[in-house]
Visitor: 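Below you'll find the structure I mean.
Chain A is the first sequence line, chain B the second, and so forth, proteins listed ahead of strands; every chain is numbered from 1.
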Protein chains: 2
Amino acid sequence: MSTGDSQEEAVDVLQQLGLKEYEAKCFVGLSRMSTGTAKQLSEITDVPRTRIYDAIRVLEAQGLVEVQHSSPQRFRAVPLSEATETLRGQYESRIDRLTDALERTEKVDSSDPSAVQEIWAMTGTEAIANRTHKLVADADEEIVLVIGDNSLLTDKLVSDLNGRADEVDLFIGTATEQLQHRVQEAIPDATTFVSGLEWLREEGTTEDETAIGRLLLVDRSMILVSTLATHTGDEHAIFGGGFQNGLIVISRRLLSQGLIPS
Amino acid sequence: MSTGDSQEEAVDVLQQLGLKEYEAKCFVGLSRMSTGTAKQLSEITDVPRTRIYDAIRVLEAQGLVEVQHSSPQRFRAVPLSEATETLRGQYESRIDRLTDALERTEKVDSSDPSAVQEIWAMTGTEAIANRTHKLVADADEEIVLVIGDNSLLTDKLVSDLNGRADEVDLFIGTATEQLQHRVQEAIPDATTFVSGLEWLREEGTTEDETAIGRLLLVDRSMILVSTLATHTGDEHAIFGGGFQNGLIVISRRLLSQGLIPS
DNA sequence: GTGTTTTGTGATTATCTGAGTGAAATTTCG
DNA sequence: CGAAATTTCACTCAGATAATCACAAAACAC
């Protein structure tokens, strides 16, 4: 079947969005026909016919399908645009409730002791990108950024950097000359360079090869380094802040390795 | 405990957003302290200490917490703004994938037979509001809208109606004179009136009293009527379209009941 | 160093949710 | 009225998740 994969993917995504298997299958099935009865639906979704009704009821309560109360009942999926709008509404209201509830929550002071050598790890391109944006936004004087993979040079990142260009010094390194030119055009105020990224390239078994993803140095006091698993695209980062002078050592080492020009 | 409810609500919402109980509790717990160890977390969240690690790993993979790989490990929640940004990103990408997949899906023609008397039901204020917006946007000549409860007169609805004011005739009815004045100010081009909404007020057992929510008549060819459960706020709607002349009967009846002025 | 506490991993059991199935009640139609 | 389809309901089974325990490794106190 040519569109079988698409269907499975749609069902998958709907389950990630919180629907049960039957509910997801029913919605996808209904999206394929203008209108349908329980029997028809059961045939193209291989959801047991006797369970169609439960699933539809939940979907109706979520505003994703309409029901014609005749005999036999007929079902119909809400137009996709309306459905996504409804789902978005759910999401927004949840975020709002979460924010409210968390703010009302009383904090407990864990009298954080000697915060000397703070190195934190995080995972996931999305989260790391967010953290990158925040660091860029909070920079006071200088941003040194090395991009290891051009997939990480998003539009948002470019515009964020341009937004800071007249307040802080920008140094942006890339893996290749082509990418350097692109960056130079996109962010004219930045000083760009090509970095010797062979540094730190780890070749494990051919299975888990990792390349350097980003290297971000903000005001010489915070650093973020991420690695990209070349096969899965998973991104892992370590992030350090609150150094008093430790990073000077690292900076010097990076300089000496030719990763950052003087 | 004064903020106990808030905490439970936060945990609840996080679970609705797809986290497991332990994960949600850990995130909320971490949000209450700047930084914490597994033991501290276990104490304030009553998640078994030995399960903290699993939960944190999942949270880290989702970009919701950072881990300091020392001994003992220390955990820290990502700032709320970053967390919601990350969650939003997940949501957006899921919606995109869903849209793509559904569009790629092959439709099956269910040669919809005699579509005579089509009455559909839907549930949920969110979904009904979306449908209302769509009907308003698609109107050609005339919109008759009766608002039974002022909570339904949202800003978006007002602006949508104003957007159509010079293309279609607007008749807007309300339950009270105060509300009528508000509407008249907000939508100056509309003809407003106070409607006798005692019509159709059903008093069941004191448990399930329902009031009329909205009544929308578009181009005399589509109708949407909703009821509001006064205690829970649940909104149920029936929606009819594709009539050739059936609605003329209904319109006449509504007129004769004084619900709509001539 | 040694004994004790804390930390982290893994295995195991109990509980709950959801998928899958069939019986029974209801309706439709000949 | 009887047969077929529709719809609801109750039940089983499997997999996921919560909860507990056992144990090794590390950190700490003395």
Visitor: Could you state the atom-to-atom distance from CD1 of Ile56(B) to C1' of dT7(C) in whole Å?
Guide: 14 Å

Visitor: For Thr37(B) and Asp46(A), take the nucleotide of DNA chain C holding the closest heavy atom to each; which residue's nucleotide lies nearer the 5' end?
Guide: Thr37(B)

Visitor: Out of Val78(A), Val58(A), Leu59(A), which residue meets the side chain to side chain contact (heavy atoms under 4.5 Å, CB included) rule with Val65(A)?
Guide: Leu59(A)

Visitor: If you go through the side-chain atoms of Arg51(B), does one of them form a donor-acceptor pair with the base of dT20(D) closer than 3.5 Å?
Guide: yes

Visitor: Within the pair Ser71(B) and dA27(D), is there a side-chain N or O less than 4.0 Å away from OP1 or OP2?
Guide: yes

Visitor: Is there a donor and acceptor pair closer than 3.5 Å between the side chain of Thr50(A) and the base of dG20(C)?
Guide: no

Visitor: So Ile128(A) and Leu224(A), side chain to side chain contact (heavy atoms under 4.5 Å, CB included) or not? Walk me through it.
Guide: CA-CA 9 Å; Ile128(A) 296 172; Leu224(A) 184 153; 4.2 Å; yes

Visitor: Quick one: Leu19(A) CG to dT17(C) C1', roughly how many Å, whole number?
Guide: 16 Å

Visitor: Would you say a side-chain N or O of Tyr53(A) is under 4.0 Å from OP1 or OP2 of dT7(D)?
Guide: yes

Visitor: Could you tell me the separation between the NZ atom of Lys39(A) and the C1' atom of dA5(D), rounded to a whole number of Å?
Guide: 7 Å

Visitor: Report yes if a side-chain nitrogen or oxygen of Tyr22(A) is closer than 4.0 Å to either non-bridging phosphate oxygen (OP1 or OP2) of dG20(C); otherwise report no.
Guide: yes

Visitor: Which distance, rounded to the nearest 0.5 Å, do you find between the CG of Leu64(A) and the CG of Leu19(A)?
Guide: 6.5 Å

Visitor: Between atom CD in Gln73(B) and atom P in dA25(D), what is the gap in whole Å?
Guide: 17 Å

Visitor: Arg49(A) CZ to dA4(D) P: how many Å, rounded?
Guide: 14 Å

Visitor: For the pair made of NZ in Lys25(A) and P in dG18(C), what is the distance, rounded to whole Å?
Guide: 16 Å

Visitor: Parallel, tilted or perpendicular: which one describes the rings of Tyr91(B) and Tyr91(A), with boundaries at 30° and 60°?
Guide: parallel

Visitor: Check the distance between dC9(D)'s P and Asp54(A)'s CG and give it to me in whole angstrom.
Guide: 9 Å

Visitor: Pairs of donor and acceptor atoms involving the side chains of residues 43-51 of chain A, under 3.5 Å and at least two apart or interchain, shall be tabulated with distances.
Guide:
from, atom 1, to, atom 2, distance (Å)
Thr45(A), OG1, Leu41(A), O, 2.7
Thr45(A), OG1, Val47(A), N, 3.3

Visitor: In whole angstrom, what separates Arg57(A)'s CZ from dT6(D)'s C1'?
Guide: 13 Å

Visitor: Touch check for Pro72(B), heavy atoms < 4.0 angstrom, all strands: base, sugar-phosphate only, or nothing?
Guide: sugar-phosphate

